[in-house]
Amino acid sequence: MLSKINLIIFSVLLLGGSYFYFNSNSSYKDSFQARVYYMLGNYESAYNLAKKALNEDSYNKMANTIVIQSQIALTYEKYIEQGNSYLKKIDSISSKKEYSKKDKTRIKFMCEIMIKGYDELKPSTLTDENLLQNSKKMQKKFKQLYEELF
């Protein structure tokens with residue numbers, strides 16, 4: 001019976017000490033907040049906060065992980081944004097009644113950039129599934145467009 005009480009007291013003290021340490025350490029506060037931003041999909045804020053936390057405490061593993069994962073997520077977001085931008089440009093070119101050989105070459109280069117760009121993306125096990133799916137859809141659009149036109 002005495003050992004159970006000691007175990008409960010030890011657990012409460014351990015949890016209380018951990019709470020106090022993480023609550024008073026600004027590096028871990030920033031890490032937790034960065035993790036929340038990452039989970040919400042705000043990768044830029046997560047990256048900035050985790051980088052700040054990592055500068056305060058270079059041994060903060062959570063901050064290090066969030067920095068790396070946010071960088072990966074930001075490359076996926078950049079790829080998707082670039083694809084949307086290229087699709088708008090291709091749409092404006094295709095809306096012309098006639099387009100030149102330069103326009104056709106421009107479209108070909110955009111398609112090739114997006115197809116090869118997808119292969120350069122390096123996912124991790126923590127990368128958001130929506131980012132992976134959206135980038136795959138983007139690559140499929142450009143592959144299909146490339147096959148139809150060239």
Which pairs of donor and acceptor atoms, one on a side chain in residues 45-52, lie under 3.5 Å apart (sequence neighbours left out)?
{"residue": "Ser45", "atom": "OG", "partner": "Asn42", "partner atom": "OD1", "Å": "3.2"}
{"residue": "Ser45", "atom": "OG", "partner": "Asn42", "partner atom": "ND2", "Å": "3.2"}
{"residue": "Asn48", "atom": "ND2", "partner": "Glu44", "partner atom": "O", "Å": "3.3"}

Please set out all donor-acceptor pairs under 3.5 angstrom arising from side-chain atoms of residues 74-81, sequence neighbours excluded.
{"residue": "Thr75", "atom": "OG1", "partner": "Ile72", "partner atom": "O", "Å": "2.5"}
{"residue": "Tyr79", "atom": "OH", "partner": "Met114", "partner atom": "O", "Å": "2.7"}

Could you pull out every donor-acceptor pair under 3.5 Å between side chains of residues 61-69 and any protein atom, sequence neighbours left out?
{"residue": "Thr65", "atom": "OG1", "partner": "Lys61", "partner atom": "O", "Å": "2.9"}
{"residue": "Gln69", "atom": "OE1", "partner": "Ser124", "partner atom": "OG", "Å": "2.6"}
{"residue": "Gln69", "atom": "NE2", "partner": "Ser124", "partner atom": "OG", "Å": "3.3"}

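The distance from atom NZ of Lys141 to atom SG of Cys111, rounded to the nearest 0.5 Å, is 12.5 Å. Atoms CD1 and NZ, on Ile93 and Lys104 in that order, are 12.5 Å from each other to the nearest 0.5 Å. Interatomic distance, Ser27 OG to Asn55 CG, rounded to the nearest 0.5 Å: 9.0 Å. Taking CD1 of Ile113 as the reference point, atom NZ of Lys108 lies at 12.5 Å (rounded to 0.5 Å). We find the OG-CG distance between Ser135 and Asn130 to be 10.5 Å, quoted to the nearest 0.5 Å. If you take OG on Ser26 and NZ on Lys29, they are separated by 8.0 Å, rounding to the nearest 0.5 Å.
The same ILVMFWY cluster, assembled from side-chain heavy atoms under 4.5 Å apart, contains both Leu132 and Met39.
With sequence neighbours excluded, the residues forming a ring pair (Phe, Tyr, Trp, His ring centres under 6.0 Å) with Tyr43 are Tyr38, listed by chain and number. Considering only residues two or more places apart in sequence or on other chains, Phe109 meets the ring pair (Phe, Tyr, Trp, His ring centres under 6.0 Å) condition with none of them.
With a 4.5 Å cut-off on side-chain heavy atoms, Phe142 and Tyr86 count as touching.
Between Asp103 and Arg106, at least one side-chain nitrogen of the basic residue sits less than 4.0 Å from a carboxylate oxygen of the acidic one, meeting the salt-bridge criterion.
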Taking it one step at a time, do Leu87 and Met110 satisfy side-chain contact (heavy atoms from CB on, under 4.5 Å)? CA-CA 9 Å; Leu87 287 173; Met110 287 183 209; over 6 Å; no

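Other members of the hydrophobic cluster containing Leu40, listed by chain and number, are Val36; membership follows side-chain contacts under 4.5 Å among ILVMFWY residues, whether direct or relayed.
Annotation for Leu121 and Pro123: closest pair O-CD, 3.5 Å, computed over non-hydrogen atoms.
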